[in-house]
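Before we start, here is the structure in question, set down as structure tokens.
One-based numbering along the sequence shown.
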Amino acid sequence: MRTRLAAATLITACAALLTTPAPAHAAAPGAGTPRAEAPRPEPAAEATGFHVRDGRLLDANGADFVPRGVNHAHAWYPDRTPQALKDIKANGANAVRVVLATGDQWAKNDTADVANVVDQCKQNRLVCVLEAHDTTGHGESGAAVSLSKAVDYWLSVKSALVGQEKYVMVDIGNEPFGNTGYSAWTADTESAIGRLRDAGIDHTLLVDAPNWGQDWSFTMRDNAAGVFAADPDRNTVFDIHMYGVYDTAAEVRDYLDHFVSAHLPVVIGEFGDMHSDGDPDEDAIMADARALGIGYLGWSWSGNGGGVEYLDLVQNFDANSMTAWGRRLFDGADGIKATAKEASVFSDDGDGGGNGADTTPPTAPGAPTASQVTADSIRLDWPAATDDTGVTGYDVVRVDGAGETTVTTATTTGTTVRGLAAHTAYTFAVRARDAAGNRSARSATVSVTTGRSDTAGACSVTYRLSDWGSSFNADVTIRNTSAHAVDGWELAFSFPGAQTIDSVWNARATQSGSAVRVTHESWTRTVPAGGSVSFGLNGSSGGGNGVPTAFTLNGRACSVS
């Protein structure tokens with residue numbers, strides 16, 4: 001994730017966000033192109049921690065491990081980390097990629113801090129992928145440092161890493177080259193791996209792709225076999241970041257197929273559901289990752305700024321304020337909750353042998369009770385469940401006939417369900433989860449009707465334009481400034497010039513002349529009171545690109561911010 005620091009402790013996170021439009025990437029061969037069977041890389045030597053064998057990542061017990069999780073910006077939000085890791089685990093993740101700073105661009109996360117992060121990951125039964133962020137965009141970003149400097153950092157915190165090979169993987173440097181100088185990626189990566197191995201770092205290593213992580217030049221893809229062979233431990237995993245370069249299913253599948261066919265390990269270390277450099281095909285990314293048994297880690301839990309706030313999975317680090325992107329990643333098809341399996345090393349009986357796998361689910365929680373009922377929210381509380389190893393979270397589900405839908409999660413025995421429709425009957429129940437991912441039977445249900453609301457929601461709209469002359473990109477945020485949720489919306493506006501929409505994400509759009517009407521997708525339907533939803537547009541223009549001056553939401557005028 002390419003970042004710039006905004007103000008005070010705020011992160012300006014922008015995955016592969018270039019100061020100029022991304023260059024056209026090389027055409028990828030068709031996804032169905034037959035390939036000769038590649039020679040299989042030499043199996044990993046015996047290892048005490050995570051290790052690679054025949055292109056697969058295995059944990060210390062020899063069990064297949066497929067990372068399913070998110071990125072968390074610890075370097076900029078260290079005070080948020082304890083609760084963030086608990087919430088990330090409660091939402092079903094089995095791994096977290098943690099942003100660390102080497103002290104070159106941002107204040108160094110020292111040995112004590114790294115040891116504390118590792119301990120918190122272990123307490124939450126999350127595999128910890130530690131990454132050094134100061135290398136981001138080296139060669140193009142003036143402040144970025146080389147992979148050699150990243151190695152210096154890892155050696156300086158070595159004592160926090162050694163002995164944690166069962167629980168920790170080391171991502172040497174985030175997006176270590178931009179779009180210039182990236183031909184040095186292969187030699188620099190091999191050198192970095194060699195130095196770490198010589199110094200006794202025996203962890204699984206992740207190596208990020210160049211081109212701001214997206215490898216449009218195929219430098220990492222075409223040199224991966226040699227880099228893998230250069231690791232004396234044969235314990236390197238390749239990390240691709242998928243944003244606008246991967247905007248079609250064919251491109252996603254073709255890139256991943258190259259690694260699978262070559263029996264080389266690959267993980268999608270970052271991706272989003274939209275971005276200013278194009279509209280990544282997150283459905284294909286997640287579906288192919290599931291089909292191929294490849295790990296993924298979405299960017300990012302919270303704290304993005306500088307125009308890419310839409311990449312937040314939750315708003316303001318509040319697990320009860322999940323965004324549309326968060327709901328897609330955690331709850332959607334091929335998402336974290338449906339596909340994540342906890343690493344078997346966390347099911348040990350204490351002897352490190354992995355012989356005590358926990359397969360016993362918690363008991364069902366007690367029946368929930370409802371209180372503090374408003375037009376768009378309900379407070380639910382319930383008696384705790386019990387478990388032989390400990391309950392780690394609860395899923396609050398909406399019951400509809402024989403089906404149910406998870407509406408929120410909690411780490412305690414109570415939460416407020418928000419974003420509900422006014423004067424509507426709902427039925428809720430609760431399920432408990434333990435650290436191994438076992439889910440309890442459903443509790444008894446409670447039925448309740450939300451209050452009436454005669455007040456239409458007030459709103460404001462931010463329209464951020466990226467003007468490229470004959471084409472444009474717009475990131476649009478709708479904020480609900482009222483005290484009542486908006487359930488279903490239509491945003492209307494008019495272009496000031498001859499602009500035509502070519503594509504849209506997180507919403508649906510129709511256009512008649514200059515008049516545009518944008519409506520929600522199922523996952524952006526509700527705008528909570530005080531909350532927001534975002535969508536994006538790509539388009540073309542024959543006469544310049546301007547910013548619309550007026551917007552209406554469901555027929556009522558919004559302010560423009």
Open item on the list: Looking at Glu309 and Gly307, would you say the former's side chain and the latter's main chain have a donor-acceptor pair under 3.5 Å?
Closed with: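 It does hold such a pair.
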Open item on the list: Testing the basics here: between Thr462 and Ser561, what is the closest heavy-atom pair and its distance to 0.1 Å?
Closed with: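 Looking at all heavy atoms of both residues, the shortest contact is OG1-OG, 2.7 Å.
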Task: Aromatic ring pairing Phe238/Phe228, orientation class (parallel under 30°, perpendicular over 60°, tilted between) - done: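 Ring orientation, 0 to 90° scale: tilted.
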Open item on the list: Using the side chain to side chain contact (heavy atoms under 4.5 Å, CB included) criterion, which residues pair with Trp523? Sequence neighbours excluded.
Closed with: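 Listed in chain order: Ala324, Asn506, Glu521.
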Task: Sidechain N-carboxylate O distance under 4.0 Å for Asp215, Arg221 - done: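 Salt bridge absent between Asp215 and Arg221.
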TODO: May I ask you to check whether His133 and Trp76 place their ring centres under 6.0 Å from each other?
DONE: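 Under 6.0 Å, so yes.
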Open item on the list: Quick check for you: to the nearest 0.5 Å, what is the distance between Ser534 atom OG and Met274 atom CE?
Closed with: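 Answer rounded to 0.5 Å: 5.0 Å.
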Task: Check: Gln214/Asp277 side-chain N/O donor and acceptor closer than 3.5 Å - done: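 There is such a pair (donor and acceptor under 3.5 Å, judged by atom type) between the side chains of Gln214 and Asp277.
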TODO: For residues Pro280 and Met242, report the shortest heavy-atom separation together with the two atoms involved.
DONE: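 What the structure gives for the nearest pair is CB-O, 4.1 Å.
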Open item on the list: Given 3.5 Å as the limit, does a donor-acceptor pair link the side chain of Glu270 with the main chain of Trp299, or not?
Closed with: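 Between the backbone of Trp299 and the side chain of Glu270 there is no qualifying donor-acceptor contact (under 3.5 Å).
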Open item on the list: Using only atom types and a distance under 3.5 Å, with no angle test, would you say the side chain of Arg253 pairs donor to acceptor with the backbone of Asp288?
Closed with: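 No, the answer is negative, given that no donor and acceptor are paired below the 3.5 Å cut-off.
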Open item on the list: Rounded at 0.5 Å granularity, tell me how far CG in Asp64 sits from CG in Asn61.
Closed with: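 Here the interatomic distance stands at 12.5 Å.
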- [ ] Over 60° means perpendicular and under 30° means parallel, so classify the ring planes of His72 and Phe317, tilted if in between.
- [x]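 Ring orientation, 0 to 90° scale: perpendicular.
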Task: Distance-only side-chain donor-acceptor flag, Ser344 / Asp59, under 3.5 Å - done: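 Distance-only check passes for Ser344 and Asp59.
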Open item on the list: Are Lys108 and Ser156 packed together at the side-chain level, in the sense that at least one heavy-atom pair is separated by less than 4.5 angstrom?
Closed with: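 When only atoms from C-beta onward are counted, Ser156 and Lys108 do touch, with a gap below 4.5 Å.
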TODO: Give a yes-or-no answer on whether the side chains of Thr204 and Asn235 include a donor-acceptor pair shorter than 3.5 Å.
DONE: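 Note: Thr204 and Asn235 side chains meet the donor-acceptor criterion.
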TODO: Name the orientation class of the two ring planes belonging to Tyr243 and His241 (parallel below 30°, tilted from 30 to 60°, perpendicular beyond 60°).
DONE: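 Taking His241 first and then Tyr243, their aromatic rings stand perpendicular (interplane angle over 60°).
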Open item on the list: I want to check something: taking the side chain as every heavy atom from C-beta on, are His203 and Met169 in contact at a cut-off of under 4.5 Å?
Closed with: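 No, side chains not in contact.
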- [ ] Please answer whether the main-chain N or O of Asp281 pairs with a side-chain N or O of Thr248 as donor and acceptor at a distance below 3.5 Å.
- [x]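 Judged by distance alone, no pair lies under 3.5 Å.
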Open item on the list: For a quick test of reading the model, state the closest non-hydrogen atom pair linking Tyr77 to Gly303 and the distance between them.
Closed with: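 Answer, listing the atom of Tyr77 first, then Gly303: OH-O, 3.0 Å.
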Task: Donor-acceptor under 3.5 Å (Asp208 side chain, Glu175 main chain) - done: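 Side chain of Asp208 to backbone of Glu175, a donor-acceptor pair under 3.5 Å: yes, one is there.
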Task: Expected output: side-chain Arg97 to main-chain Val70 donor-acceptor under 3.5 Å - done: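 Such a contact is absent between Arg97 side chain and Val70 backbone.
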Task: Contact summary for Pro67 and Val267, nearest pair of heavy atoms - done: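 For Pro67 versus Val267, the nearest heavy atoms are CG-CG2, 4.5 Å.
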- [ ] Answer yes or no: is there a side-chain heavy-atom contact under 4.5 Å between Trp216 and Glu251?
- [x]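 No, too far: nothing below the 4.5 Å cut-off.
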Task: Phe177, Trp212, Tyr182 screened by ring pair (Phe, Tyr, Trp, His ring centres under 6.0 Å) with His138, the one that passes - done: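 Passing option: Phe177.
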Task: Any side-chain heavy-atom pair of Cys121 and Leu85 under 4.5 Å - done: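 A side-chain contact exists here, since the closest heavy-atom pair is under 4.5 Å.
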Task: Stepwise side chain to side chain contact (heavy atoms under 4.5 Å, CB included) check, Thr408 with Met322 - done: CA-CA 8 Å; Thr408 191; Met322 194 165 285; over 6 Å; no
Open item on the list: Measuring from atom CG of Asp104 to atom CG of Asp134, what distance do you get when rounded to the nearest 0.5 angstrom?
Closed with: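 Between atom CG of Asp104 and atom CG of Asp134 there are 5.5 Å.
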TODO: Taking atom NZ of Lys149 as the centre, report whether more than 12 heavy atoms of other residues, nucleotides or ligands fall under 6.0 Å from it.
DONE: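 No.
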Task: Test item: side-chain donor near acceptor, Ser217 and Thr219, under 3.5 Å - done: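 The criterion, which ignores hydrogens and geometry beyond distance, is satisfied for Thr219 and Ser217.
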Task: Heavy-atom pair with the smallest gap, counting every atom of Ala101 and Asn109 - done: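 Taking Ala101 first and Asn109 second, the nearest heavy atoms are N-OD1, 2.7 Å.
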TODO: Check the pair Tyr310, Asn304 against side chain to side chain contact (heavy atoms under 4.5 Å, CB included), reporting the backbone distance first and the verdict last.
DONE: CA-CA 8 Å; Tyr310 51 76; Asn304 291 286; over 6 Å; no
Open item on the list: Distance alone, cut at 3.5 Å: any donor-acceptor contact between the side chains of Asn94 and Arg68?
Closed with: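 No, no side-chain donor-acceptor contact under 3.5 Å.
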Task: Exam field: side chain Thr102 to backbone Ala150, donor-acceptor pair closer than 3.5 Å - done: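 Not confirmed, Thr102 side chain does not pair with Ala150 backbone.
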- [ ] Check whether more than 12 heavy atoms from other residues, nucleotides or ligands sit under 6.0 Å from atom NZ of Lys86, and answer yes or no.
- [x]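 For Lys86, atom NZ is not crowded (no more than 12 foreign heavy atoms under 6.0 Å).
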Task: For Leu329, the option from Asp273, Leu313, Leu297, Asn91 that meets side chain to side chain contact (heavy atoms under 4.5 Å, CB included) - done: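 When side chain to side chain contact (heavy atoms under 4.5 Å, CB included) is applied between Leu329 and each of Asp273, Leu313, Leu297, Asn91, only Leu313 qualifies.
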Open item on the list: Could you walk me through whether Trp301 and Val96 satisfy the side chain to side chain contact (heavy atoms under 4.5 Å, CB included) test, starting with their C-alpha distance in whole Å, then the side-chain angles of each, then the deciding distance to 0.1 Å, before giving a yes or no?
Closed with: CA-CA 10 Å; Trp301 182 244; Val96 60; over 6 Å; no
Task: Pairs involving residues 317-331, ordered by first then second residue, that meet salt bridge (charged side-chain N to carboxylate O under 4.0 Å, His left out) (sequence neighbours left out) - done: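 Matches after skipping sequence neighbours: Asp283-Arg328, Asp331-Lys337.
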- [ ] Could you tell me whether a side-chain N or O of Lys89 sits under 3.5 Å from a main-chain N or O of Arg125, the two making a donor and an acceptor?
- [x]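 Yes.
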TODO: Mind checking the CG-OG1 spacing from Asp395 to Thr409? Nearest 0.5 Å is all I need.
DONE: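 Asp395 CG to Thr409 OG1: 6.5 Å, rounded to 0.5 Å.
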Open item on the list: Nearest 0.5 angstrom please: Asp152 CG to Leu147 CG, how far?
Closed with: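 Asp152 CG to Leu147 CG: 11.0 Å, rounded to 0.5 Å.
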TODO: For the residue pair Asp312 and Thr323, confirm or rule out a side-chain donor-acceptor distance under 3.5 Å.
DONE: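 There is no such pair between these side chains.
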TODO: Answer with yes or no whether the side chains of Asn124 and Gln120 bring together a donor and an acceptor at under 3.5 Å.
DONE: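 There is no such pair between these side chains.
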Open item on the list: Contact between Tyr246 and Ile240 at the side-chain level, heavy atoms closer than 4.5 Å - yes or no?
Closed with: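 Yes. Closest side-chain heavy atoms under 4.5 Å.
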TODO: Decide yes or no for Val99 and Asn174: does some side-chain heavy atom of the first lie under 4.5 Å from some side-chain heavy atom of the second?
DONE: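 The answer is no, as the side chains (C-beta and beyond) never meet within the 4.5 Å cut-off.
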Open item on the list: Is it the case that the side chain of Asp239 and the backbone of Val207 share a donor-acceptor pair, with hydrogens and angles ignored and the cut-off at 3.5 Å?
Closed with: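 Here the side-chain-to-backbone pair does not exist.
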Open item on the list: I'd like to know if the side chain of Arg53 and the backbone of Leu57 have a donor-acceptor N/O pair within less than 3.5 Å.
Closed with: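 No.
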Task: Residue pair Val314 / Phe330, side-chain heavy-atom distance below 4.5 Å - done: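 The answer is no; the side chains never approach within 4.5 Å.
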Task: Rounded distance [0.5 Å steps], OG in Ser300 versus CG in Leu311 - done: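 Here the interatomic distance stands at 7.0 Å.
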- [ ] Taking the side chain as every heavy atom from C-beta outward, state whether Cys128 and Tyr167 have any atom pair closer than 4.5 Å.
- [x]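 A side-chain contact under 4.5 Å is absent here.
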TODO: For the pair Phe65 and Phe50, name the ring-plane relationship: parallel under 30°, tilted 30 to 60°, perpendicular over 60°.
DONE: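 Ring orientation of Phe65 relative to Phe50: tilted.
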Open item on the list: Before we go on, tell me: are the rings of Phe271 and Trp325 under 6.0 Å apart, centre to centre?
Closed with: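 Ring-ring flag for Phe271/Trp325: true, centres closer than 6.0 Å.
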TODO: Determine the minimum heavy-atom distance between Asn71 and Gly269, stating which atoms define it.
DONE: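 Smallest heavy-atom distance, with atoms named: ND2-O, 3.1 Å.
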- [ ] Kindly indicate, with the supporting measurements, whether the criterion side chain to side chain contact (heavy atoms under 4.5 Å, CB included) is fulfilled by Thr477 and Asp475.
- [x] CA-CA 7 Å; Thr477 300; Asp475 296 312; 6.0 Å; no
